[in-house]
*Asks:* 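Got a structure for you, written out below as structure tokens; questions coming shortly.
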Amino acid sequence: SFNFPQSIIIDGTNLYVADSDNSIIRKIVISSGVVTTLAGAAGIKGYKDGTGTAARFRSPQGITTDETNLYVTDHDNNNIRKIVISSGVVTTLAGAAAAYGVKWNGAATSSGYLEGTGLSARFNKPVGITTDRTNLYVTDMDNHCIRKIVISSGEVTTLAGSRGAAVDGTGTSAKFYYPSGITTDWTNLYVVDRVNYIIRKVVISSAEVTTIAGTAGTRGYQNGIGTSAKFEEPYGITNDGTNLYVADSGNHDIRKISKATQSRFILANSIKGINSTSYTFTGLDNETTYFFKISSVNSSGTSPLSGEVS
């Protein structure tokens with residue numbers, strides 16, 4: 001049996017599950033359905049690196065894989081754990097190496113906000129995690145931001161986000177409010193901004209954050225394009241390269257977002273005096289459908305020109 005399983009990942013042969021309230025990581029052989037415990041001791045919460053059932057977790061939440069290792073957000077231990085799939089060896093990749101609520105290094109608790117490498121970094125209730133095989137990206141929920149971890153070194157930095165009502169922007173100028181689920185298409189991250197009730201896109205190369213679906217600050221249920229849609233405390237998210245799929249937990253349903261129909265409306269009322277048959281807009285991307293309203297007016301800007309589009 002399971003006890004509040006929170007997330008799942010596949011390597012093509014097996015499923016791996018963060019069995020949160022059992023504080024263990026489970027393996028399911030897809031072909032047979034056989035379930036075993038890869039790491040942690042069922043029902044025993046704690047913090048300990050080790051092999052297999054000798055390791056301890058405290059409410060693991062998110063899980064991802066590079067097909068050699070699993071990476072887990074150990075939610076209540078406020079750290080990121082690495083599990084070697086072949087051996088079940090568990091180590092702490094980043095975050096304070098301390099038991100829940102215990103002072104660490106004589107000063108700081110296991111939770112907090114701090115950039116750093118390995119055990120010197122701090123998280124506050126990490127939830128979602130995804131990878132591009134070089135880096136991990138984590139929703140640091142109670143710090144309201146997206147953290148980047150270099151897998152080879154354990155270096156932790158903040159890619160985007162700070163606390164607040166939804167604001168698009170670059171890096172920490174963007175605002176999130178309790179981000180939870182996260183997925184990647186290797187170019188962008190897609191993040192569930194849970195208490196802003198929206199889905200955000202983060203361009204990995206630039207840390208530019210935009211809102212692609214949902215009405216910021218307004219909860220509810222409504223299908224639609226982009227910001228005309230509404231969610232009710234969405235939580236989890238994944239993608240198949242073409243579409244995003246969101247667990248809209250407050251509405252008790254699964255929502256689909258087509259990346260091809262993400263829309264951005266461009267208001268270009270200030271563009272005047274174009275005397276040619278073409279105009280070039282800059283700053284557009286290949287994954288967004290843009291809608292343009294084109295009006296052709298006379299020199300005074302009061303009426304359409306004869307024979308022109310309006």
Side-chain angles (χ1 to χ4, degrees), residues 1-104 109-112 118-119 121-131 136-142 147 149 151 154 156 180-182 235-236 238 247:
S1 63
F2 295 82
N3 194 357
F4 286 95
Q6 288 288 328
S7 59
I8 189 168
I9 194 73
I10 186 171
D11 67 4
T13 303
N14 304 302
L15 301 171
Y16 301 94
V17 179
D19 191 355
S20 185
D21 279 16
N22 277 324
S23 291
I24 54 179
I25 307 303
R26 314 293 288 275
K27 171 185 172 182
I28 306 172
V29 180
I30 296 173
S31 61
S32 65
V34 171
V35 179
T36 55
T37 298
L38 179 65
I44 303 176
K45 296 184 177 183
Y47 171 78
K48 185 180 180 182
D49 287 341
T51 299
T53 57
R56 295 290 182 270
F57 299 84
R58 188 176 291 271
S59 300
Q61 295 269 325
I63 190 168
T64 192
T65 185
D66 59 11
E67 298 182 358
T68 300
N69 307 299
L70 301 174
Y71 301 94
V72 176
T73 55
D74 197 354
H75 183 71
D76 284 350
N77 280 326
N78 297 297
N79 52 32
I80 311 303
R81 314 291 289 278
K82 172 184 171 181
I83 306 171
V84 180
I85 293 173
S86 61
S87 65
V89 171
V90 179
T91 55
T92 302
L93 179 65
Y100 178 69
V102 175
K103 295 285 185 179
W104 185 83
T109 62
S110 63
S111 66
L119 306 186
R122 293 290 181 277
F123 299 84
N124 196 356
K125 305 299 184 186
V127 174
I129 188 169
T130 190
T131 184
L136 301 171
Y137 302 94
V138 175
T139 54
D140 195 356
M141 186 172 71
D142 282 16
R147 312 293 289 276
I149 307 171
I151 293 174
V156 179
S180 54
I182 188 170
Y235 198 85
T238 191

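Residue numbers start at 1 and run along the sequence shown.
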*Asks:* Nearest 0.5 Å, what's the CD1-OG1 distance between Ile10 and Thr238?
*Replies:*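 Spacing of CD1 (Ile10) from OG1 (Thr238) equals 10.5 Å.
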
*Asks:* How many angstroms lie between CD1 in Ile9 and CD1 in Ile63, if you round to the nearest 0.5 Å?
*Replies:*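 Ile9 CD1 to Ile63 CD1: 7.5 Å, rounded to 0.5 Å.
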
*Asks:* Kindly compute the distance separating OG1 (Thr36) from CD1 (Ile25), expressed to the nearest 0.5 Å.
*Replies:*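 Answer for the OG1-CD1 pair, Thr36 versus Ile25, is 12.0 Å.
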
*Asks:* With rounding to the nearest 0.5 angstrom, report the CD1 to OG1 distance, Ile182 to Thr130.
*Replies:*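 Spacing of CD1 (Ile182) from OG1 (Thr130) equals 6.5 Å.
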
*Asks:* For the pair Asp74 (side chain) and Arg81 (backbone), establish whether a donor and an acceptor sit closer than 3.5 Å, ignoring hydrogens and angles.
*Replies:*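 No, because the side chain of Asp74 does not come within donor-acceptor range (under 3.5 Å) of the backbone of Arg81.
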
*Asks:* Within a radius of less than 6.0 Å around NZ of Lys45, do more than 12 heavy atoms belonging to other residues, nucleotides or ligands occur?
*Replies:*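 Counting other residues, nucleotides and ligands, NZ of Lys45 exceeds 12 neighbours.
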
*Asks:* Assess the side chains of Thr92 and Asp49: does a donor N or O sit below 3.5 Å from an acceptor N or O?
*Replies:*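 Their side chains do contain a donor-acceptor pair, which is all the 3.5 Å distance test asks for.
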
*Asks:* Any donor-acceptor pair under 3.5 Å linking the side chain of Asn3 with the backbone of Asp19?
*Replies:*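 Pair absent, no side-chain N/O of Asn3 close to backbone of Asp19.
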
*Asks:* Evaluate the criterion side-chain contact (heavy atoms from CB on, under 4.5 Å) for residue pair Tyr16 and Ile85; output intermediate values, then yes/no.
*Replies:* CA-CA 10 Å; Tyr16 301 94; Ile85 293 173; 3.4 Å; yes

*Asks:* With a 4.5 Å cut-off on side-chain heavy atoms, are Pro60 and Ser23 touching?
*Replies:*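 Answer yes - side chains close enough.
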
*Asks:* Check step by step if side-chain contact (heavy atoms from CB on, under 4.5 Å) holds for Val127 and Tyr235.
*Replies:* CA-CA 10 Å; Val127 174; Tyr235 198 85; 3.5 Å; yes

*Asks:* To the nearest 0.5 Å, what is the distance between CZ on Arg58 and CD1 on Ile44?
*Replies:*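 Going from the CZ atom of Arg58 to the CD1 atom of Ile44 covers 11.5 Å.
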
*Asks:* Quick one: are Thr64 and Leu70 in side-chain contact, heavy atoms under 4.5 Å?
*Replies:*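 In short, these two side chains do not touch, never coming nearer than 4.5 Å.
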
*Asks:* Determine whether a donor-acceptor pair (N or O, by modelled atom type, separation under 3.5 Å) exists between the side chain of Thr73 and the backbone of His75.
*Replies:*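 Between the backbone of His75 and the side chain of Thr73 there is no qualifying donor-acceptor contact (under 3.5 Å).
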
*Asks:* Where do Ala39 and Ile83 come nearest, in terms of heavy atoms and distance?
*Replies:*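 Reported closest heavy-atom pair: CB-CD1, 4.1 Å.
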
*Asks:* Taking the side chain from Thr53 and the backbone from Ala41, do they hold a donor-acceptor pair closer than 3.5 Å?
*Replies:*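 Looks like no, no N/O pair under 3.5 Å.
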
*Asks:* Determine whether Ile80 and Ile129 make a side-chain contact, defined as any pair of heavy atoms from C-beta on separated by less than 4.5 Å.
*Replies:*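 A side-chain contact exists here, since the closest heavy-atom pair is under 4.5 Å.
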
*Asks:* Without swapping roles, check the side chain of Arg26 against the backbone of Leu15 for a donor-acceptor pair under 3.5 Å.
*Replies:*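 Checked: no pair found.
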
*Asks:* Measure the spacing between CG of Asp142 and CZ of Phe123 and express it to the nearest 0.5 Å.
*Replies:*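 Asp142 atom CG to Phe123 atom CZ measures 13.5 Å (nearest 0.5 Å).
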
*Asks:* Does any non-hydrogen side-chain atom of Val17 lie less than 4.5 Å from one of Val35?
*Replies:*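 They are not in contact (no side-chain heavy atoms under 4.5 Å apart), so the answer is no.
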
*Asks:* Please report the shortest heavy-atom distance between Lys48 and Ala54, naming the atom on each side.
*Replies:*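 Closest pair (atom of Lys48, atom of Ala54, distance): CD-O, 3.4 Å.
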
*Asks:* Mark yes or no for whether Asp11, through its side chain, and Thr13, through its backbone, hold a donor-acceptor pair below 3.5 Å.
*Replies:*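 Judged by distance alone, yes, a pair lies under 3.5 Å.
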
*Asks:* Does Asn124 reach the main-chain N or O of Gly112 with its side chain, forming a donor-acceptor pair under 3.5 Å?
*Replies:*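 Answer holds: no.
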
*Asks:* Answer yes if the side chains of Asp66 and Tyr71 hold a donor-acceptor pair under 3.5 Å, and no otherwise.
*Replies:*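 There is such a pair between these side chains.
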
